[in-house]
Amino acid sequence: MKVTLSALNTSESSFTPLVVIELAQDVKEETKEWLKNRIIAKKEDGDNNDDFLTMAECQFIIKHELENLRAKDEKMIPGYPQAKLYPGKSLLRRLLTSGIVIQVFPLHDNEALKKLEDSWYTRFALKYQPIDSIRGYFGETIALYFGFLEYFTFALIPMAVIGLPYYLFVWEDYDKYVIFASFNLIWSTVILEVWKRGCANMTYRWGTLLMKRKFEEPRPGFHGVLGINPITGKEEPLYPSYKRQLRIYLVSLPFVCLCLYFSLYVMMIYFDLEVWALGLHENSGSEWTSVLLYVPSIIYAIVIEIMNRLYRYAAEFLTSWENHRLESAYQNHLILKVLVFNFLNCFASLFYIAFVLKDMKLLRQSLATLLITSQILNQIVESLLPYWLQRKHGVRVKRKMQALKTDIDATLYEQVILEKEMGTYLGTFDDYLELFLQFGYVSLFSCVYPLAAAFAVLNNFTEVNSDALKMCRVFKRPFSEPSASIGVWQLAFETMSVISVVTNCALIGMSPQVNAIFPESKADLILIVVAVEHALLALKFILAFAIPDKPRHIQVKLARLEFESLEALKQQQMKLVTENLKEEPKESGKEKAT
């Protein structure tokens, strides 16, 4: 233990530890020496820009270099003949799967973290988040999530304010919800388009707006035969695309379809429970059985959350097994799998109640129960439970440190021991997914349950602080990731808003008041509903086209930047041409002398 503490004693040097690589206890010395030499060799190839880069950027570069350490001539990991290597395989991934390396994580900067916490969530108040400070500490990807969460919460307030009187005064008059539903459809389009403009402002300020993904490097989990990329000329693993397509269509797609079928089967069990609870209430009519009416929806909401999480693990395994070359392709396929399942799992019962059973009372009850139960479960599972477990672990570590009798300052050692036991933040995927499902609950059936936006606002005000707490105190510090936008999630939200147009128009067309206008001809009613739906969709796309994705001043700055780049390129070309013309007379003079 003393040796470990002395190794971590940095009081006499200016060394600032950035990333921790935790090795297994029984790792052989030759393995440690080999890994150290590979890392040092990689470091000597790079430049030293410590003063120019932030701590988060330095940690990102270290992660990038570690992930791109690949086997060349080695046949195995030194000291572990059973751990086979082949050219092109990621060394870090092989070390992790072999159990030689336990984990790799960046350390928190306690001083900077304390400043961030003081300006972020320790003083509960209705204020804007320090997005630029979050970006400086955690990177662009996490800063964009918190920026979107804040923006989406404030954007929900008009819907909550308008929905509250509708809930209180015109609950059963569905025809009066036409105005509310129309406002909802315009609102959902406008907020997504305005977000693009705000996002462009932020990412331009951070320097990531024009980030190119075209020549993205292979992801660490990508494997194949080591070869030369014909476009970049770099040595990297190569894997035939037809093999990937076979895995997707012959294995992943049937598995997803099977999971969707199972989800529908569970939904039908839920409806059987609803019928049982309703029959029991009608027979007895007691207060106890009236409470029992909500039990099937609560149980179903919990089952939905469990199924979503189990399916997520299966989707991650399948997407990794498909062996996508780029991280962006991996994320797109993973998000597509998860969104399709989560959408069906969470909303299939609501569509069935609305359009098959046509029971608006049960639809309101189910929607309210699913929304509120999912929000409570997410708060408990994602923040409160991990925070409680982390506090217990922190107390145990402090007691252990007090028991150590050493005159060496063990502050860094205590920090490493404490942070290595923290949970690992798996990225913004689950956070965006939660907002996506919330957006669906608010927009898809707004004319049936206008109070959904108010519950979403209340949840998100606490979500901002609970997410900030888990980032700072519950999970290890994640490696920063540069981003230009929220990526494929923008498309997911826009798709949900299009679906909401269809569902709201259909619900209004099914209302008794609207049906009373066309008592004889249902065909006329259907035609009018379809015409209104098409008109609203047209209005939606006109608004999307009319509102530019980038503000005017950003467009001007980008155009000026492109112009200056072209001018600099022209000057460089002119300089080369001039130098070549000057050298030609000298060469011709030498030829004459010869």
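- Proximity of a side-chain donor or acceptor of Y137 to a complementary backbone N or O of D109 within less than 3.5 Å is detected.
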Discussion item. As a quick check of understanding, evaluate side-chain contact (heavy atoms from CB on, under 4.5 Å) for S443 and N184, giving each step before the final call.
Written reply: CA-CA 7 Å; S443 61; N184 182 0; 4.1 Å; yes

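- Residues I157 and F154 have side chains in contact (heavy-atom distance under 4.5 Å, counting atoms from C-beta outward).
- A donor-acceptor contact under 3.5 angstrom links the side chains of S297 and E274, judged on distance only.
- By the ring pair (Phe, Tyr, Trp, His ring centres under 6.0 Å) test, F60 pairs with no residue at all, sequence neighbours left out.
- In this structure Y300 satisfies the ring pair (Phe, Tyr, Trp, His ring centres under 6.0 Å) test together with Y270, sequence neighbours excluded.
- Annotation: side-chain contact (heavy atoms from CB on, under 4.5 Å) contacts of L536 (sequence neighbours excluded): L185, V501, C505, V532.
- The pair K196-E193 counts as a salt bridge, with a side-chain nitrogen and a carboxylate oxygen less than 4.0 angstrom apart.
- The heavy-atom pair separating I353 from S366 by the smallest distance is CD1-OG, 3.4 Å.
- Residues forming a side-chain hydrogen bond (donor to acceptor under 3.5 Å, both in side chains) with N308 (at least two apart in sequence, or on another chain): N342, N345.
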Per-pair distances, 0.1 Å, donor-acceptor, side chain in residues 129-136, under 3.5 Å, sequence neighbours excluded:
from : atom 1 : to   : atom 2 : distance (Å)
Q129 : OE1    : W120 : NE1    : 3.0
Q129 : NE2    : F146 : O      : 2.9
D132 : OD1    : R205 : NE     : 3.3
D132 : OD1    : R205 : NH2    : 3.0
D132 : OD1    : W206 : NE1    : 2.8
D132 : OD2    : R205 : NE     : 3.4
R135 : NE     : E140 : OE2    : 2.9
R135 : NH2    : E140 : OE2    : 3.0
R135 : NH2    : W206 : O      : 3.4

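- A ring-centre distance under 6.0 Å is found for F493 and F148.
- Between F343 and F347, the ring center distance clears the sub-6.0 Å criterion.
- Environment of CZ in F355: crowded, with over 12 heavy atoms of neighbouring residues, nucleotides or ligands closer than 6.0 Å.
- Contact check for M202 versus T208: no side-chain heavy atoms found under the 4.5 Å cut-off.
- In terms of modelled atom types and a separation under 3.5 Å, the side chain of T428 and the main chain of Y145 share no donor-acceptor contact.
- Across A200 and P551, no two heavy atoms sit closer than the pair CB-CD, 4.2 Å.
- In this structure, the side chain of Q415 engages the main chain of H108 through a donor-acceptor pair within 3.5 Å.
- Remark: A314 engages F255 in a side-chain contact (heavy atoms from CB on, under 4.5 Å) (not counting sequence neighbours).
- Remark: T369 pairs with no residue by the side-chain hydrogen bond (donor to acceptor under 3.5 Å, both in side chains) rule, at least two apart or across chains.
- Ion pairing of D467 with K470 is present here, as a side-chain N (NZ or NE/NH1/NH2) and a carboxylate O approach within less than 4.0 Å.
- Residue pairs meeting the side chain to side chain donor-acceptor pair (under 3.5 Å) criterion with at least one partner in residues 329-339, sequence neighbours excluded, are T319-K337, E322-K337, E327-Q331.
- S188 is listed as a side-chain neighbour of K540, based on a closest heavy-atom distance under 4.5 Å.
- Scored by the side-chain contact (heavy atoms from CB on, under 4.5 Å) test, E22 finds I102, Q103, K420 as partners (sequence neighbours excluded).
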Practice prompt. Kindly determine whether F479 and Y425 satisfy side-chain contact (heavy atoms from CB on, under 4.5 Å), including the steps that lead there.
Written response: CA-CA 9 Å; F479 284 102; Y425 182 66; over 6 Å; no

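- At a threshold of 4.5 Å between non-hydrogen side-chain atoms, the residues Q438 and N460 count as touching.
- In terms of the ring pair (Phe, Tyr, Trp, His ring centres under 6.0 Å) criterion, Y204 has no residue partners (sequence neighbours excluded).
- Taking all atoms of both residues into account, the shortest heavy-atom contact from S483 to L144 is CB-CD1, 3.8 Å.
- Taking F429 as the reference, W489 meet the ring pair (Phe, Tyr, Trp, His ring centres under 6.0 Å) condition, with sequence neighbours excluded.
- Taking the six-membered ring for Trp and thresholds of 30 and 60 degrees, F439 and F152 have ring planes more than 60 degrees apart, a perpendicular arrangement.
- Using a 4.5 Å heavy-atom cutoff, the side chains of C472 and F138 are in contact.
- Heavy-atom minimum distance, L192 versus Q490: O-NE2, 3.3 Å.
- For the pair V338 and Y311, the tightest heavy-atom approach, listed with the atom from each and the gap, is CA-CE2, 3.8 Å.
- A search for side-chain hydrogen bond (donor to acceptor under 3.5 Å, both in side chains) contacts involving T503 returns nothing, not counting sequence neighbours.
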Worksheet entry | Audit row: L107, L18, side-chain contact (heavy atoms from CB on, under 4.5 Å) steps and yes/no | CA-CA 6 Å; L107 281 174; L18 297 175; over 6 Å; no

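- Minimum interatomic distance between A155 and P158 (heavy atoms only, all atoms of both residues): O-CD, 3.2 Å.
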Practice prompt. Give the C-alpha distance, both sets of side-chain angles, the deciding distance and a yes or no for side-chain contact (heavy atoms from CB on, under 4.5 Å) between T424 and F105.
Written response: CA-CA 9 Å; T424 301; F105 62 94; over 6 Å; no

